[in-house]
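To start, the structure itself, in structure tokens.
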Amino acid sequence: MEASPTLTDRINLWRTKYVSDRQFLLILSFFVGLLAAVAAFILHGLINQIERLLTAGFNIRSFNWLYLVFPVIGIYLTSLFVRYVVKDNISHGITRILYAISRKQSKLRGHNCWSSVIASAITIGFGGSVGAEAPIVLTGSAIGSNLGQTFKLDGKTMMVLVGCGASAAIAGIFKAPMAGLVFTIEVLMIDLTMASLMPILISSVTATCFTYILVGSDSLFHFTLDAPWEVERVPATILLGIFCGLVSLYFIRLMTACENVFRKLGEHRYLKLALGGLLLSSLIFLFPSLYGEGYSSINILLNGRTEADWNTILNNSLFYGHGDWLMAYIGLVLLTKVFATSATNGGGGCGGTFAPSLFIGAFAGFFFSRLWNINRISIYLPEKNFALLGMAGVMAGVMHAPLTGIFLIAEITGGYQMFIPLMIVSICAYLTIYIFEPHSIYGMRLAREGKLITHHTDKAVLTLMSLDSIIDRNFTPVDKDLTLGKLVHVMSMSNTGFMPVLDNAGTLLGEVDMAKIRNVMFRIELYHHFTVAQLMTPPAATLGVSDPMEDVMRKFDETEAAVLPVIDNEAHLIGYISRTRMYAMYRKMVADMSAE
């Protein structure tokens with residue numbers, strides 16, 4: 001008895017009759033934008049409610065002991081939620097999206113549609129010094145991915161839907177549709193073709209419009225341009241870009257080093273909690289600006305007009321009332337933010353590095369301009385303007401996304417009059433960090449493993465190709481002690497012109513190539529005089545199960561072999577890869593990616 005069709009099956013049947021694939025993608029992109037906007041609204045609402053509930057009674061004129069307690073509780077609650085409810089690793093959200101695109105046919109798990117929202121709300125609301133953007137980007141991408149999986153769409157369409165979710169998340173959080181589009185292109189490496197442009201734009205605009213409906217017209221950051229940009233400030237703007245590039249390098253390298261420290265602790269989660277919680281709570285106690293996303297501190301730097309305004313950033317701290325310590329406070333926060341972010345995630349919290357890069361950028365820009373003005377170097381630099389420029393610079397450096405830095409800062413602050421200096425700072429920051437680190441903080445882990453998608457079509461195809469999918473496991477092994485006569489008999493029943501020689505454990509000892517033994521295999525009188533051990537030769541090269549496809553291609557080119565064996569870490573034979581089959585798949589994928 002056949003099972004009755006599900007609702008999804010009915011919808012698929014209906015849409016194949018009345019709706020084209022292109023139209024259906026545009027419809028889905030609208031819903032991805034809507035759902036991503038709702039997810040962003042829920043997350044920021046939860047964060048604000050938790051933070052308001054916990055810190056409402058704090059005295060701004062002195063330190064607060066509860067800063068030593070709340071972050072630890074937040075990390076612990078998050079780790080419990082992830083361990084016992086989610087039961088999966090949800091850290092490094094944007095890196096997980098990149099991995100899903102390159103290795104999992106853009107498939108993200110269903111729980112990613114909600115788990116990051118809850119985990120990051122707990123972490124950030126209790127003071128975790130991370131951002132909500134990466135969790136929301138993962139949530140939006142997961143929504144797109146799971147809609148694609150529900151309707152059984154192909155891999156290329158799934159990739160576009162993942163990009164729609166990411167762009168909608170950024171657009172929804174910041175009310176910045178252009179920033180959402182360029183983020184998807186620069187960071188997720190989704191190629192901008194006519195096939196992908198419209199769905200991504202629809203998702204971005206939809207998310208932005210629904211965010212306006214849900215929260216009104218207020219922006220996350222408020223900025224009013226007091227001093228228009230002047231061409232005389234070009235040298236200072238270039239220097240700020242270089243400074244932001246170096247700050248970005250500091251951020252990436254120190255973040256990686258801290259992550260390695262926590263990684264070495266392995267499964268000792270209470271030790272991680274103790275180390276991360278102690279470091280985070282101590283830093284927040286000393287520098288309350290590190291609490292949560294830190295957007296209130298950014299707004300102080302962007303809107304201050306007098307020393308009294310900027311000194312409010314010292315509220316709730318040991319520095320309160322000591323305005324002469326402002327520069328020291330700004331510099332120390334700039335240096336310690338990366339430790340606070342690493343401690344949050346390393347200790348068991350959940351959050352991203354998007355907001356920390358904006359935070360560090362604002363502090364770096366203010367610090368640079370104040371230091372410039374204190375030393376009375378040439379022309380005066382408006383400090384609030386340079387705090388804005390610093391946000392774009394550090395973001396461009398950390399994420400290797402200069403366009404995202406330019407458009408995001410311009411859109412969220414309304415600072416379109418600052419477009420030229422934004423471009424100068426972002427470009428200089430990107431060029432500076434590229435000298436030392438060719439990949440973004442999101443892509444560097446995957447790039448080292450050869451699993452990062454790029455805008456180069458040939459390299460992107462090699463990354464997307466799965467080594468496992470082209471391995472031929474249908475082979476006939478022979479023993480090294482087998483005589484030539486018996487070998488000829490086995491070959492007569494085989495479909496291949498070569499025989500792998502294995503020992504009892506399945507270890508590859510060599511191979512017998514029919515073309516190389518043709519001079520003896522037809523001489524019956526020699527059948528008992530030769531054994532496989534005398535006739536076998538070592539393979540031209542061997543491939544590992546985790547070898548990047550770029551290395552596989554290179555080995556085929558160097559050896560000019562028709563087939564190469566694939567072995568595991570213990571030299572056990574897994575199968576063979578055929579040059580013909582590999583290149584056929586490569587050409588097909590190039591054609592698919594190039595098609596509009």
Side-chain angles (χ1 to χ4, degrees), residues 102-103 447-480 482 484 487-503 505-523 526 530-594:
S102 65
R103 280 293 181 270
R448 288 169 185 163
E449 300 172 9
K451 299 176 181 177
L452 180 66
I453 294 289
T454 71
H455 284 299
H456 300 286
T457 302
D458 55 342
K459 291 185 178 180
V461 168
L462 290 176
T463 304
L464 288 169
M465 284 179 67
S466 168
L467 181 70
D468 186 69
S469 66
I470 57 175
I471 296 177
D472 183 2
R473 292 176 169 81
N474 184 22
F475 57 86
T476 306
V478 294
D479 187 84
K480 64 182 179 66
L482 200 68
L484 175 58
L487 174 64
V488 172
H489 177 69
V490 173
M491 279 187 167
S492 67
M493 295 185 294
S494 174
N495 295 323
T496 63
F498 60 91
M499 298 284 166
V501 184
L502 308 181
D503 63 11
T507 304
L508 180 64
L509 304 176
E511 58 188 20
V512 178
D513 189 340
M514 185 185 298
K516 294 179 180 178
I517 65 168
R518 195 178 298 274
N519 61 323
V520 297
M521 65 181 295
F522 296 114
R523 298 178 61 181
L526 300 178
F530 287 96
T531 62
V532 168
Q534 296 170 291
L535 299 172
M536 70 180 185
T537 56
T542 57
L543 305 173
V545 286
S546 59
D547 283 358
M549 286 303 299
E550 198 166 348
D551 291 347
V552 174
M553 286 276 197
R554 179 178 51 78
K555 288 184 179 180
F556 269 105
D557 289 340
E558 290 175 353
T559 61
E560 298 183 355
V563 292
L564 286 177
V566 181
I567 59 175
D568 62 16
N569 295 331
E570 298 177 352
H572 296 156
L573 180 65
I574 296 174
Y576 279 85
I577 289 183
S578 161
R579 173 195 286 267
T580 304
R581 184 178 180 186
M582 180 182 65
Y583 276 98
M585 177 176 284
Y586 174 80
R587 285 191 295 270
K588 183 180 182 303
M589 292 185 68
V590 169
D592 289 343
M593 288 193 70
S594 301

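All residue numbers in this chain count up from 1 along the given sequence. From a predicted model like this one, the values you see are computed outputs, not experimental measurements. Reckoned from all heavy atoms, side chains included, excluding hydrogens, waters and symmetry mates.
Minimum interatomic distance between L573 and P500 (heavy atoms only, all atoms of both residues): CD2-CB, 3.5 Å. In terms of heavy atoms, L509 sits closest to L502 at CD1-C, 4.1 Å. For the residue pair G575 and I471, the shortest heavy atom distance occurs at CA-CG2, 3.8 Å. Shown here for T507 and D503, the closest heavy-atom pair between the two residues is N-OD1, 2.9 Å.
A 4.5 Å side-chain heavy-atom check between V563 and I577 finds every atom pair outside the cut-off.
For E560, the CD atom is loosely surrounded, since the number of other residues' heavy atoms within 6.0 Å does not exceed 12. Under a cut-off of 6.0 angstrom, the local environment of CG in D557 is crowded, with over 12 non-hydrogen atoms contributed by other residues, nucleotides or ligands.
Within the 3.5 Å criterion, the main-chain N or O of T542 finds a donor-acceptor partner in the side chain of K555.
Once rounded to the nearest 0.5 Å, the distance linking CG of L564 with OH of Y576 reads 9.0 Å. For the atom pair CZ of F556 and CZ of R554, the computed distance is 12.5 Å after rounding to the nearest 0.5 Å. For the atom pair R579 CZ and M553 CE, the distance stands at 9.5 Å (nearest 0.5 Å).
Evaluation of the salt bridge (charged side-chain N to carboxylate O under 4.0 Å, His left out) rule for E570 yields no partner, not counting sequence neighbours.
Considering I567, V552, I574 in turn, V552 is the only one that fulfils the side-chain contact (heavy atoms from CB on, under 4.5 Å) rule with L543.
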Between side-chain atoms of residues 533-540 and protein atoms elsewhere (two or more places apart, or another chain), which donor-acceptor pairs fall under 3.5 Å?
from : atom 1 : to   : atom 2 : distance (Å)
Q534 : OE1    : T531 : N      : 2.9
Q534 : OE1    : T531 : OG1    : 3.4

